[in-house]
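Numbered from 1 within each chain, the chains take letters A, B, ... in sequence-line order. Computation of the quantities below employed the complete heavy-atom set of this structure, encompassing side-chain atoms and omitting hydrogens, waters and symmetry-equivalent molecules.
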There are 2 protein chains.
Amino acid sequence: MSLIETVDFDGGEILSLHQRILSDIREKILSGAWPPGHRIPFEHELTDEYNCSRMTVNKALSQLAKAGLIERRRRSGSFVGQPQSQAAVLELHDIRIEVEALGLPYRYERLERLKRRSIAEDRALLGLSAPGPVLALEGLHFAGERPFALEQRLINLSAVAEAAEEEFLDIAPGPWLIGRVPWSEAEHRIRAMAADDTVADTLDIDPGAPCLVVERRTWSAEHPVTHVRFVYPAESHTLVARFTPSQG
Amino acid sequence: MSLIETVDFDGGEILSLHQRILSDIREKILSGAWPPGHRIPFEHELTDEYNCSRMTVNKALSQLAKAGLIERRRRSGSFVGQPQSQAAVLELHDIRIEVEALGLPYRYERLERLKRRSIAEDRALLGLSAPGPVLALEGLHFAGERPFALEQRLINLSAVAEAAEEEFLDIAPGPWLIGRVPWSEAEHRIRAMAADDTVADTLDIDPGAPCLVVERRTWSAEHPVTHVRFVYPAESHTLVARFTPSQG
DNA sequence: CGTTTCAATATGTATATACATAATCGCCAT
DNA sequence: ATGGCGATTATGTATATACATATTGAAACG
């Protein structure tokens with residue numbers, strides 16, 4: 001028999017001790033068996049219960065604490081936390097993937113491409129303080145024959161110089177940027193908007209029709225990279241977000 | 001001098017070794033110094049660099065791996081991951097807090113309250129398979145004198161029996177439920193919608209005006225608890241979501 | 001009676017060690 | 001060549017131990 005035991009139980013899943021402690025406690029909390037405020041067993045008690053070292057218990061509890069499920073207090077013990085503010089994780093996929101998930105053929109078409117020195121509006125959208133070259137793009141994502149989303153994008157050419165050479169005729173800027181910009185932070189704004197005449201015409205919907213607007217500002221290493229606005233006709237799109245007390 | 005050293009540097013922040021390794025590596029990845037695919041030093045190399053034990057390095061790297069910043073491969077080493085699909089964290093606050101953040105007085109008013117045996121539509125919204133008692137509520141959240149959001153809610157009375165006794169005259173069901181339902185999972189759907197005549201009248205906007213709709217389904221311990229639909233006039237509300245490569 | 005001090009306690013961080021396991025590399029026999 | 005085999009290597013998981021640190025509760029003191 002090995003020194004490190006793995007336990008085969010229930011569904012036949014193999015869990016490490018660490019994971020078993022984690023899921024046991026999580027289950028107790030999520031089921032309500034241990035309500036908010038309840039003191040969970042001390043580390044040394046769990047050490048006995050699971051017949052393992054304190055380090056193993058400690059790692060599991062620290063993880064639960066980081067996930068916000070429990071709160072740890074020196075000298076007092078660990079307590080089930082109060083359910084915090086609703087925070088949901090929103091997965092924002094590439095539009096190609098969304099369209100193909102619907103079983104429809106995807107196509108991107110460039111409508112406009114303009115290189116210019118940033119005007120005040122560009123700088124506001126990108127969060128730039130000084131003027132510099134930007135690329136303004138407008139394009140349309142199709143699902144089959146129907147417009148699926150309108151994309152209006154600004155790229156900060158000081159941050160992504162190579163973009164100046166790219167035509168973006170039928171490759172969308174999103175996928176192009178991923179892979180070229182290493183890792184980034186982003187801020188998203190989601191709102192509803194009535195289609196103005198131009199947007200309505202482009203998306204082939206009625207003027208004034210409701211649209212879902214998703215705006216994203218992206219930074220890489222503190223430098224503004226891009227600002228993009230996606231406009232979806234209301235019928236074409238629902239964002240789905242999930243909240244599960246972190247599996248952390 | 002203590003055995004466990006803490007290091008005081010830069011901004012004067014005290015970081016544990018563990019945290020220092022974490023933030024050093026994160027910085028290298030986010031700055032692009034170590035691009036995606038780059039092999040980061042082996043554990044034993046970092047052990048030398050930071051003059052600490054492998055366990056400490058291992059904990060830090062495992063954490064980065066769980067956060068998705070790096071990918072670990074046995075026998076090969078650890079590598080900077082490809083920036084994954086955009087996932088953003090959406091904080092969905094209580095409406096009272098949102099309104100008060102705007103500096104406006106908040107008020108909730110019940111419009112309707114109906115206890116009934118679930119009809120098919122209720123069960124579809126709640127995700128119930130068998131019929132049972134539900135409470136259907138409709139209420140209006142005010143910011144000052146103006147309607148801020150319309151709330152249409154179903155509560156599964158089999159899961160939250162006490163709700164049957166509550167009038168919800170001027171206390172919103174959201175805050176009431178928090179604290180009574182221990183920990184929960186939720187699914188959110190966000191979309192744009194045109195106000196129909198009833199909604200327009202209630203929210204005091206034009207029929208057909210765009211609205212942002214946020215629907216939330218909540219479970220606790222696998223049991224459906226509540227379904228709620230918030231309808232915001234487009235002007236009144238923007239959701240903000242942030243994505244930062246996990247600090248995990 | 002209030003305050004100060006101190007020991008006890010539970011968690012926080014780190015070490016050295018041990019063994020497990022998956023993947024890869026090179027060797028060898030076919 | 002090539003297909004299998006074993007050694008090597010880097011990570012994965014767990015242990016026992018040590019010392020740090022915040023907090024509490026009780027004892028000692030003015």
Side-chain angles (χ1 to χ4, degrees), chain A residues 1-9 13-25 34 37-81 247-248, chain B residues 1-9 13-25 34 37-81 247-248:
Chain A
M1 159 153 262
S2 69
L3 182 81
I4 298 173
E5 299 182 47
T6 50
V7 182
D8 190 346
F9 74 111
E13 235 180 328
I14 306 275
L15 293 183
S16 65
L17 199 39
H18 175 91
Q19 289 172 315
R20 205 175 111 215
I21 298 174
L22 263 178
S23 65
D24 279 7
I25 297 179
W34 290 350
H38 179 265
R39 210 209 77 227
I40 77 172
F42 295 127
E43 291 188 353
H44 72 263
E45 293 174 309
L46 292 169
T47 287
D48 291 352
E49 183 178 337
Y50 289 95
N51 194 30
C52 67
S53 77
R54 185 168 79 90
M55 273 304 295
T56 304
V57 169
N58 181 284
K59 261 174 81 173
L61 293 187
S62 303
Q63 211 169 311
L64 286 169
K66 214 166 46 197
L69 271 177
I70 67 172
E71 207 177 292
R72 313 201 72 194
R73 283 201 286 278
R74 278 174 166 160
R75 168 67 216 243
S76 312
S78 303
F79 300 82
V80 177
Q247 301 298 307
Chain B
M1 159 154 268
S2 69
L3 181 81
I4 297 174
E5 299 182 47
T6 51
V7 182
D8 189 347
F9 73 111
E13 235 179 327
I14 305 275
L15 293 183
S16 66
L17 199 39
H18 175 91
Q19 290 172 314
R20 206 176 110 216
I21 298 175
L22 263 177
S23 65
D24 279 7
I25 296 180
W34 291 350
H38 179 265
R39 210 210 76 228
I40 77 172
F42 295 127
E43 291 188 352
H44 71 263
E45 293 174 311
L46 292 169
T47 287
D48 291 352
E49 184 178 337
Y50 288 94
N51 194 29
C52 67
S53 77
R54 185 167 80 89
M55 273 304 294
T56 304
V57 170
N58 181 284
K59 261 175 80 173
L61 293 187
S62 302
Q63 213 170 309
L64 287 169
K66 214 166 48 203
L69 271 178
I70 68 173
E71 207 177 292
R72 312 201 73 194
R73 283 201 287 278
R74 277 173 165 159
R75 169 67 216 245
S76 312
S78 302
F79 300 82
V80 177
Q247 302 298 307

* Structure fact -> Whole-Å distance, Glu71(B) CD to dG12(D) P, equals 11 Å

* Asked: For the salt bridge (charged side-chain N to carboxylate O under 4.0 Å, His left out) test, which of Arg54(A), Lys59(A), Arg74(A) pairs with Glu43(A)?
  -> Arg54(A)

* Round to the nearest Å and state the distance from Arg54(B) atom CZ to dC19(C) atom P. => 14 Å

* Nearest-Å distance, CZ (Arg20(B)) to C1' (dG12(C))? -> 18 Å

* To do: With heavy atoms under 4.0 Å as the rule, sort Arg73(A) into base, sugar-phosphate or nothing.
  => sugar-phosphate

* Select from Arg74(A) and Arg72(B) the residue whose nearest nucleotide in DNA chain D is closer to the 5' end of that strand. => Arg72(B)

* **Gap between atoms CZ and P, on Phe42(A) and dT9(C) respectively (whole Å)** => 11 Å

* Asked: Rounded to whole angstrom units, what separation is found between the CG atom of Leu46(A) and the C1' atom of dT11(C)?
  -> 13 Å

* Would you mind telling me which of dT17(D), dA23(C), dA14(D) lies closest to the side-chain atoms of Met55(A)? => dT17(D)

* Taking side chain as C-beta onward, heavy atoms only, is Leu61(B) less than 4.5 Å from Leu46(B)? -> yes

* **Glu43(B) CD to dT13(D) C1', straight-line distance once rounded to whole Å** => 12 Å

* Can a side chain N or O of Thr56(B) be found less than 4.0 Å away from OP1 or OP2 on dT15(C)? -> yes

* Asked: In terms of side-chain heavy atoms of Ser76(A), which of dT23(D), dA10(D), dA23(C) is nearest?
  -> dT23(D)

* Asked: Between dA14(D) atom P and Tyr50(A) atom OH, what is the distance in whole Å?
  -> 13 Å

* **Non-hydrogen atoms of Thr47(B) and Cys52(B) that approach each other most closely** => CG2-O, 2.9 Å

* Structure fact -> Checking dG12(C), dA14(D), dT11(D) against the side chain of Leu17(A) (C-beta onward), the nearest is dA14(D)

* Structure fact -> Looking only at dA14(C), dT11(D), dT8(D), the nucleotide nearest the Arg75(B) side chain is dT8(D)

* Asked: Would a 4.5 Å heavy-atom cut-off, applied to side chains only, mark Thr56(B) and Tyr50(B) as touching?
  -> no

* Asked: What integer distance in Å separates Asn58(A):CG from dT15(C):P?
  -> 15 Å

* Of all the heavy-atom pairs spanning Leu22(B) and Gln63(B), show the shortest one and how long it is. => CD1-NE2, 3.4 Å

